[in-house]
2 protein chains.
Amino acid sequence: MSQNGVGVDLETSLGYLLKEASSALRAAMEEVLRPLGMSVTHYSCLELLAQRPGLSNSELARGAFVTRQTMNVLLQALEREGYVTRPAEAPVGKVLPTRLTHRGRRSLEKATVAVRSVEVRMLAGMTETEQSGAFRILQSMIHSLREGNDGA
Amino acid sequence: MSQNGVGVDLETSLGYLLKEASSALRAAMEEVLRPLGMSVTHYSCLELLAQRPGLSNSELARGAFVTRQTMNVLLQALEREGYVTRPAEAPVGKVLPTRLTHRGRRSLEKATVAVRSVEVRMLAGMTETEQSGAFRILQSMIHSLREGNDGA
DNA sequence: CAATCTATGTCAGAATACTGACATGAGTCA
DNA sequence: TGACTCATGTCAGTATTCTGACATAGATTG
């Protein structure tokens, strides 16, 4: 087991803690989604489509933080199984707007309940003030990290 | 990119934002580590060993948030390339304490500089108070998420 | 108008991490 | 002591995601 709680650099690193939190969140989500036969990326895709119907493959990929190739494979599976539909030909350009089917919507409903329970649990013990503080701080981190990628 | 308020609103979800921040951090780290021919898991392993020499394969896996099988494959590669050493036989039980070689330490030094620059950038624009607030909040999330896994 | 640039969808192969399984060593308990 | 449980290291196969590459549609620019 962990021999000692020796406080070293990793113990005080916000980056490490961010990774730890993200890992815990992912594990918790996988746990509640597994009984539904759904992965996190799978759920993310359906949730994005519910909130923004007609999103393209590339837009879904960016929203789920995977490559468009990965999302394409997932969409083909979801389409084959009847959870989403895409037109055979692009109305404009090459972009294929994707939509949830009735089946996809019903599948998402159960998943949303499960995922919401995780989010509620994660927020337990945090005040409203702390939650909005966390929101602001995470946005600040994202902004600062992206700055370096594009600009410099 | 407008959204209608159905289900879990991704624009206001702390879970989604946490995933976004973690994704941005990972991308930024990969970018600075790629020139050094090092992956994030690779770096995490070396950093853990520098701070806690003698860690076992399983302990490293937990610290880097991967399975012990994944870490084992990585350790075999690192050992083959002379970055770490493990005794041929376990001093006690089956646990093989791992240590950095001189080469491993030198390789880590460059990586640490690169990664630190990312962390500094991430923290830019945050006050000391905000940083400790973020620390406390992330720890609270982790604690709450783990609660459900073990206890219930 | 033509050349160029950017973004998209998609196929294929490579890299990475995971689950399953097995044998082994250490601690627990009756 | 012997049975049981737990954690470990490791091998093998599977799953998931990524990188590379290509053709094509729309926008931009001269």
Side-chain angles (χ1 to χ4, degrees), chain A residues 1-3 19 22-24 26-31 33-35 37-45 49 54-81 84-99 150, chain B residues 1 19 22-24 26-31 33-35 37-45 49 54-81 84-99 150:
Chain A
M1 287 303 168
S2 50
Q3 305 106 3
K19 189 174 175 182
S22 176
S23 171
R26 186 173 192 87
M29 288 182 66
E30 281 171 350
E31 185 175 321
L33 287 175
R34 190 171 307 122
M38 204 181 286
S39 73
V40 174
T41 305
H42 183 139
Y43 161 75
S44 300
C45 178
L49 284 174
L55 241 45
S56 71
N57 175 35
S58 290
E59 290 170 319
L60 286 168
R62 281 190 290 267
F65 311 109
V66 295
T67 62
R68 66 184 196 274
Q69 293 91 332
T70 297
M71 183 55 73
N72 189 40
V73 172
L74 175 60
L75 277 184
Q76 286 175 349
L78 290 179
E79 193 173 15
R80 195 181 329 119
E81 295 160 21
V84 306
T85 50
R86 286 193 291 182
E89 292 195 359
V92 52
K94 299 187 69 179
V95 177
L96 296 174
T98 312
R99 293 185 174 276
D150 312 327
Chain B
M1 303 297 177
K19 189 174 174 182
S22 176
S23 170
R26 186 173 193 86
M29 286 181 67
E30 280 171 351
E31 185 175 322
L33 287 174
R34 189 171 308 122
M38 205 180 286
S39 74
V40 174
T41 305
H42 184 139
Y43 160 75
S44 300
C45 177
L49 284 174
L55 241 44
S56 71
N57 174 36
S58 290
E59 290 169 320
L60 286 167
R62 283 190 291 268
F65 311 109
V66 295
T67 62
R68 66 184 195 274
Q69 292 90 332
T70 296
M71 182 55 73
N72 189 40
V73 171
L74 175 60
L75 277 184
Q76 287 175 350
L78 290 178
E79 192 173 15
R80 195 181 330 118
E81 295 160 20
V84 305
T85 50
R86 287 193 291 182
E89 292 194 359
V92 51
K94 298 187 68 179
V95 177
L96 296 174
T98 312
R99 294 186 173 277
D150 312 327

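In what follows, every chain begins at residue 1, and chains take the letters A, B, ... in the order their sequences are listed.
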Name the closest nucleotide to the A:Val66 side chain, picking from C:dG9, D:dT8, D:dC18.
->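 Looking only at heavy atoms from C-beta outward on A:Val66, the closest nucleotide is D:dC18.
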Can you measure [X] atom [atom1] to [N] atom [atom2] for me and round it to whole angstrom units?
{"X": "A:Asn57", "N": "D:dA25", "atom1": "CG", "atom2": "P", "result": "17 Å"}
{"X": "B:His42", "N": "C:dA17", "atom1": "NE2", "atom2": "C1'", "result": "16 Å"}
{"X": "B:Leu33", "N": "D:dC18", "atom1": "CG", "atom2": "C1'", "result": "17 Å"}
{"X": "A:Arg62", "N": "C:dT6", "atom1": "CZ", "atom2": "P", "result": "15 Å"}
{"X": "B:Glu59", "N": "D:dT8", "atom1": "CD", "atom2": "P", "result": "7 Å"}
{"X": "B:Leu60", "N": "D:dA7", "atom1": "CG", "atom2": "P", "result": "18 Å"}
{"X": "A:Glu30", "N": "D:dA15", "atom1": "CD", "atom2": "P", "result": "16 Å"}

Contacts to DNA chain C from residues 67-80 of chain A, heavy-atom cutoff under 4.0 Å, which residues?
->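 Under 4.0 Å from DNA chain C: A:Arg68, A:Gln69, A:Asn72, A:Gln76.
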Taken to the nearest 0.5 Å, the spacing of A:Arg26 CZ from A:Ser39 OG works out to 7.5 Å
Qualifying residues under side-chain hydrogen bond (donor to acceptor under 3.5 Å, both in side chains), relative to A:Thr98, sequence neighbours excluded =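 A:Thr98 satisfies side-chain hydrogen bond (donor to acceptor under 3.5 Å, both in side chains) with no other residue.
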Quick one: are [X] and [Y] in side-chain contact, heavy atoms under 4.5 Å?
{"X": "A:His42", "Y": "A:Leu33", "value": "no"}
{"X": "A:Gln76", "Y": "A:Asn72", "value": "yes"}
{"X": "B:Leu49", "Y": "B:Leu55", "value": "yes"}

Within the structure, does a side-chain N or O atom of A:Ser39 lie under 4.0 Å from either OP1 or OP2 of D:dT16?
-> no
State, to 0.1 Å, how close A:Glu59 and A:Ser56 come at their nearest heavy-atom pair, and which atoms those are.
->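 The answer is OE1-N, 2.9 Å.
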Shortest non-hydrogen contact from A:Thr85 toward A:Glu79 |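 Distance-wise, the nearest heavy atoms are C-OE2, 4.4 Å.
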Base, sugar-phosphate alone, or nothing: which one does B:Arg86 contact when heavy atoms must sit under 4.0 Å apart?
->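 Sugar-phosphate: the residue B:Arg86, judged by heavy atoms under 4.0 Å, touches backbone atoms but no base.
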Which is true for A:Thr41 with a 4.0 Å heavy-atom rule: it touches a base, it touches only sugar-phosphate, or it touches nothing?
->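 Sugar-phosphate, backbone atoms only, no base.
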Between A:Lys94 and A:Arg26, the residue closer to the 5' end of DNA chain D by nearest nucleotide is A:Arg26
